[in-house]
Participant: 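Take a look at the following structure, please.
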Amino acid sequence: MKEQLETLRHSTAHILAQAVATLFPGTKFAIGPAIADGFYYDFDLPISLSQEQLSEIEKKMKFIIKSNLAFEQTMMKKGEAIDFFSQKGEKYKVELIENIPDEEVSIYKQGDFIDLCRGPHLKRTGEIKAFKLISVAGAYWRGDEKNPMLTRIYGTAFETKEELEQHLHNIEEAKKRDHRKLGKELGIFQLYDEAGPGLIYYHPKGAIVREEICRFLRLEHANRGYHEVVTPHIARVDLWKTSGHYDFYRENMYFMTVDGMEYVLKPMNCPGHILIYKSQMHSYRDLPLRFFELGTVYRHERSGVLHGLLRVRGFTQDDAHIFCTREQLKDEIQQVLEFIITMLVSFGFKEYEIYLSTRPEKYVGSDEIWDMATSALEMSLKEKELPYQIDPGEGVFYGPKIDIKLKDALSRTWQGPTIQVDFNLPERFNVTYVGQDGKEHQPVMIHRVVLGSLERFMGALIEHYAGAFPVWLCPTQVLIATITERQTTYGEFIQNQLRTNQIRTVTDFRNEKIGFKIREAGMQKLPYVLILGDNEEQNKTISVRKRGSVDMGQMRVEDFISMITTEIREKSVDIWS
RNA sequence: GCCGGCGUAGCUCAGGGGUAGAGCAACUGAUUCGUAAUCAGUCGGUCGGAGGUUCAACUCCUCUCGCCGGCUCCA
């Protein structure tokens, strides 16, 4: 973000704070930074604030802007500042100052509003031309849920009114791509109150999309030497005690007691794959051994975090566990990275962020093995020349990981693909292989998903394509629409030809105008509509209309079949919206 | 889980203590039409659920379930 814009937004945040100070005496102030597309300020308010009150605050802010107050900076000795803010009861500010290492702290003042702030700021409040308060939300002080919850007001500001309008318009447009809205409109999936939150029901069209993705995944995994396995949805609690999930993951697990025995609905697939590995002795010659499963898992996510397909309680991962030697680790990681990137590209994803998460405070295993695994991950990223960021201390307790985050329509990021190195489970389950030396050794395990969960991936995919899937994924690939009922027989003949060629085809022989049929097809984002009238029947042709109002004119049905078949086979991601 | 908001017909939404509304969809009929909405009629609701206040609650209050925006947490 441009520094100028950042300053503008930060200054707007200060004006917001001043307005709140005037309107709600007794408010304590926390922090108010500029963020990606605006700013926020966190307050400890004496009252609870609702969305409607934002316009009242905006009004006050406009008054402050009009008053054209100067932003004045002064420096204060740390002790002095602590006294000053303590006197005002500003406990959050005092806490902030105490954490500043310098001797002096910077204070900004506009009118009678004084705030701890590094700056920089605009010269005067009057420089703000275009801002809007967006929403009010709760946020924990310092982002820690053990701390009190503050009231956060989000807003945005731009240099011109036009830019502000454009931004608000963009958000409205993005909302039209929301997978929850499109999922319902296009008949892809639905959630049902009576069935429980976070549980997805794929409708027939969604099931087709999902199945196409699964078929593709199975093929690609087989091509890369993975062995597909299938494991049960429940397992005795003992298995989860051995794995450590019972101790570390219990609040996310579903339990049930049957015949006096306790079972767990699986939250992960790893223990199952380990059982399969351990069913026989393995030589170093067997490694790497890769078990793949489209494994459906259930996790009790906290109610407030559920979000359409992107965050659910039951989902299917394209999960695999690779058992390999330490020497093979880097090579395996590289292959997985390559696999992931290839798949993302084939689905048309260009925007994703890669993170390398390193050793957290609590961890198992030696420093030496952590360093080895972390550098294996990092070297793989470097050699693939993939740009990445480091997420320090964000690794799992059992090992470091690479996460790839996909973006939704509103640019919120969601973790999809991940590669995690694990030293813990092989230890807990006493997983071994016989080495060249004839002795038992412990393999390293890699947990990895390529798309992540099918649910989340489909959600991201719907938003990515705004519901207009590439033809190979489309539930309906071709609609045959007749001009009058006279062409019904010809339409059936055409449909038969397409179906014989495995093209998913539906017909619209209703007594409706062609414009009406085309409109419906357009709203359903169907890629091709074949229009049949007397003209086509006489010429033994079809008129082809491609998604996005493109009239391709008349052609022979064989030519159309060959064209669309190629498009399907190549999984063409050519987008025409 | 926490903070704030919202739940009215299959869908999108209006209404506001005194007989429940529109558009689309569905159904019936007419129309047989050339590239994003043909016309007319009909059907459709325990106003998310449970308590309470009131002569009277869809409307006010309490609880509860679900959804939305955030926070925290994650595929």
Side-chain angles (χ1 to χ4, degrees), chain A residues 40 42 45 48-54 134-154 175 178 180-181 184-185 191-198 249 251-252 267-268 295 297 299-313 315-319 394 396 403-406 410 412 414-418 420 447-457 459-460 481-488 510-524 529-536 543-546 548-553:
Chain A
Y40 67 79
D42 285 347
L45 285 160
S48 97
L49 189 73
S50 72
Q51 188 93 23
E52 289 83 69
Q53 290 167 277
L54 291 184
I134 304 288
S135 63
V136 40
Y140 298 107
W141 166 238
R142 291 180 163 248
D144 188 333
E145 65 179 320
K146 290 190 230 33
N147 288 337
M149 181 157 273
L150 309 173
T151 304
R152 173 172 297 179
I153 298 175
Y154 282 96
K175 283 181 184 164
D178 192 316
R180 292 166 299 186
K181 179 177 148 73
K184 197 182 264 189
E185 286 171 4
L191 291 105
Y192 296 92
D193 291 1
E194 59 269 52
Y249 206 68
E251 66 275 18
N252 285 296
M268 293 186 192
V297 296
R299 299 182 186 171
H300 180 264
E301 301 292 347
R302 288 151 81 163
S303 61
V305 304
L306 301 173
H307 186 96
L309 287 176
L310 295 175
R311 188 75 184 273
V312 296
R313 283 183 171 161
F315 55 99
T316 301
Q317 296 177 300
D318 56 342
D319 203 4
E394 286 303 305
V396 199
D403 289 329
I404 298 183
K405 297 186 182 182
L406 307 174
L410 289 168
R412 292 176 291 209
W414 299 87
Q415 186 182 320
T418 173
Q420 310 184 349
H447 308 244
R448 43 105 289 180
V449 288
V450 169
L451 301 182
S453 85
L454 292 178
E455 285 67 23
R456 180 171 288 180
F457 189 73
T482 46
I483 303 276
T484 75
E485 287 178 344
R486 283 194 301 280
Q487 291 87 36
T488 302
R510 290 176 302 173
N511 175 15
E512 295 286 353
K513 288 185 163 180
I514 195 66
F516 181 77
K517 296 182 182 183
I518 284 169
R519 177 163 193 273
E520 281 192 351
M523 290 194 305
Q524 285 295 308
V529 183
L530 305 187
I531 292 151
L532 308 181
D534 288 334
N535 200 346
E536 284 78 6
S543 279
V544 180
R545 186 190 158 99
K546 197 167 171 170
S549 308
V550 185
D551 186 352
M552 299 177 74

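In what follows, every chain begins at residue 1, and chains take the letters A, B, ... in the order their sequences are listed.
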Participant: Looking only at the side chain of A:D534 (C-beta and beyond, no hydrogens), which of the listed nucleotides B:rU32, B:rG34, B:rC73 gets closest?
Facilitator: B:rG34
Participant: Report the nucleotide, chosen from B:rA75, B:rU12, B:rC71, that has the shortest atom-to-atom distance to any side-chain atom of A:K184.
Facilitator: B:rU12
Participant: Any strand is fair game: report the nucleotide pairing with B:rC58 by Watson-Crick or G-U wobble, both distances under 3.5 Å, or none.
Facilitator: none
Participant: Tell me which of A:L451 and A:H300 sits closer to the 5' end of RNA chain B, going by the nucleotide each one is nearest to.
Facilitator: A:H300
Participant: State whether the distance check finds a donor on one side and an acceptor on the other, under 3.5 Å, for side chain A:R313 versus base B:rC74.
Facilitator: no
Participant: Applying a 3.5 Å limit to both distances, which nucleotide forms a Watson-Crick or G-U wobble pair with B:rC67?
Facilitator: B:rG5
Participant: For A:G515, report the nucleic acid contact type (base, sugar-phosphate, nothing); a contact means any heavy atom under 4.0 Å.
Facilitator: sugar-phosphate
Participant: Using a heavy-atom cut-off of under 4.0 Å over every strand shown, decide if A:I531 touches base, sugar-phosphate, or nothing.
Facilitator: base
Participant: Would you indicate what A:A139 reaches in the nucleic acid, counting non-hydrogen atoms under 4.0 angstrom: base, sugar-phosphate, or nothing?
Facilitator: sugar-phosphate
Participant: Of the options B:rG4, B:rC71, B:rU72, whose atoms approach the side-chain atoms of A:R302 most closely?
Facilitator: B:rU72
Participant: Using only heavy-atom distances, decide whether a donor-acceptor pair under 3.5 angstrom links the side-chain of A:R545 to the base of B:rU35.
Facilitator: yes
Participant: What nucleotide among B:rC33, B:rG66, B:rU35 has an atom nearest to a side-chain atom of A:D551?
Facilitator: B:rU35
Participant: Within the side chain of A:R299, is there an N or O that forms a donor-acceptor pair under 3.5 Å with the backbone of A:N252?
Facilitator: no
Participant: Using a 4.5 Å cut-off on heavy atoms from C-beta on, say whether the side chain of A:V297 contacts that of A:D319.
Facilitator: no
Participant: With sugar-phosphate meaning primed atoms plus P, OP1 and OP2, does A:S48 contact a base, only sugar-phosphate, or nothing at under 4.0 Å between heavy atoms?
Facilitator: sugar-phosphate
Participant: Is there a Watson-Crick or G-U wobble partner for B:rA25 with both distances under 3.5 Å, and which nucleotide is it?
Facilitator: none
Participant: From the options B:rG66, B:rG70, B:rC33, select the nucleotide whose nearest atom is closest to the side chain of A:I483.
Facilitator: B:rC33
Participant: Roughly how far apart, to the nearest Å, are B:rA57 and B:rC47 at atom P?
Facilitator: 12 Å
Participant: Using the P atom as the reference point in each nucleotide, state the distance between B:rG1 and B:rU64 in Å, no decimals.
Facilitator: 11 Å
Participant: Roughly how many Å apart are B:rA20 and B:rC13, using the C1' atom of each and rounding to a whole number?
Facilitator: 14 Å
Participant: B:rC71 C1' sits how many Å from A:I153 CD1, rounded?
Facilitator: 15 Å
Participant: Quick one: which of B:rU35, B:rG1, B:rG70 gets closest to the side chain of A:A137?
Facilitator: B:rG70
Participant: Could you tell me which nucleotide pairs with B:rU38 by Watson-Crick or G-U wobble geometry, both distances under 3.5 Å, or answer none if nothing does?
Facilitator: B:rA30
Participant: Less than 3.5 Å apart, any donor N or O on the side chain of A:T484 or A:Q487 sitting next to an acceptor on the other?
Facilitator: yes
Participant: Check every strand shown and say whether A:G304 touches a base, only sugar-phosphate, or nothing at a heavy-atom separation below 4.0 Å.
Facilitator: base
Participant: At 4.0 Å (heavy atoms only), tell me whether A:E455 reaches a base, stays on the sugar-phosphate, or touches nothing.
Facilitator: nothing
Participant: Expressed in angstrom and rounded to an integer, what is the separation of A:R486 atom CZ from B:rC33 atom C1'?
Facilitator: 9 Å
Participant: Regarding B:rG4, can its base be found pairing with the side chain of A:E52 as donor and acceptor, where the two atoms are less than 3.5 Å apart?
Facilitator: no
Participant: Looking only at side-chain atoms of A:R180, point me to the closest of B:rG34, B:rC68, B:rG1.
Facilitator: B:rC68
Participant: Measure the distance from CD on A:Q317 to P on B:rA75 and round it to the nearest whole Å.
Facilitator: 8 Å
Participant: Looking only at the side chain of A:T418 (C-beta and beyond, no hydrogens), which of the listed nucleotides B:rC33, B:rA75, B:rG69 gets closest?
Facilitator: B:rA75
Participant: Round to a whole Å and report the spacing from CD of A:E194 to C1' of B:rG66.
Facilitator: 10 Å
Participant: Identify, between A:R142 and A:Q51, the residue whose nearest nucleotide on RNA chain B lies closer to the 5' end.
Facilitator: A:Q51
Participant: What heavy-atom pair brings A:L54 and A:V136 nearest, and what distance separates the two atoms?
Facilitator: CD1-N, 4.4 Å
Participant: Does the B:rG66 base have a donor-acceptor partner in the side chain of A:Y192 within less than 3.5 Å?
Facilitator: no
Participant: Please report the distance, rounded to the nearest Å, between CD1 in A:I514 and P in B:rC33.
Facilitator: 12 Å
Participant: From the set B:rA25, B:rC74, B:rU35, return the single nucleotide nearest to any side-chain atom of A:F516.
Facilitator: B:rA25
Participant: In whole Å, measure the gap between the C1' atoms of B:rC43 and B:rU35 for me.
Facilitator: 33 Å
Participant: Indicate, with a heavy-atom threshold strictly under 4.0 Å, whether A:V312 touches base, sugar-phosphate, or nothing.
Facilitator: base
Participant: Rounded to whole angstrom, note down the C1' distance from B:rC74 over to B:rC58.
Facilitator: 39 Å
Participant: Considering only B:rG1, B:rU35, B:rA75, which nucleotide approaches the side chain of A:S453 most closely?
Facilitator: B:rA75
Participant: Quick one: does A:D318's side chain have a donor or acceptor within less than 3.5 Å of a partner on A:G452's backbone?
Facilitator: yes
Participant: Hey, does the side-chain of A:R456 have a donor or acceptor N/O within less than 3.5 Å of a partner on the base of B:rC74?
Facilitator: yes
Participant: May I have the step-by-step check of salt bridge (Lys or Arg N to Asp or Glu O under 4.0 Å) for A:D144 and A:R142, ending in yes or no?
Facilitator: CA-CA 5 Å; A:D144 188 333; A:R142 291 180 163 248; over 6 Å; no
Participant: What is the nucleic acid contact for A:Q420, judged by heavy atoms within less than 4.0 Å: base, sugar-phosphate only, or nothing?
Facilitator: sugar-phosphate
Participant: Using a heavy-atom cut-off of 4.0 Å across all strands, would you classify A:S303 as base, sugar-phosphate, or nothing?
Facilitator: base
Participant: Using the rule for Phe, Tyr, His and the six-membered ring of Trp, do A:F315 and B:rA75 stack at under 5.5 Å and under 30°?
Facilitator: yes
Participant: A:N535 near the nucleic acid: base, sugar-phosphate alone, or nothing, with a heavy-atom cut-off under 4.0 Å?
Facilitator: base
Participant: Please state how far atom CZ in A:R311 lies from atom P in B:rA75, giving the value in whole angstrom units.
Facilitator: 8 Å
Participant: Step by step, would you call A:S453 with A:R311 a side chain to side chain contact (heavy atoms under 4.5 Å, CB included)?
Facilitator: CA-CA 10 Å; A:S453 85; A:R311 188 75 184 273; over 6 Å; no
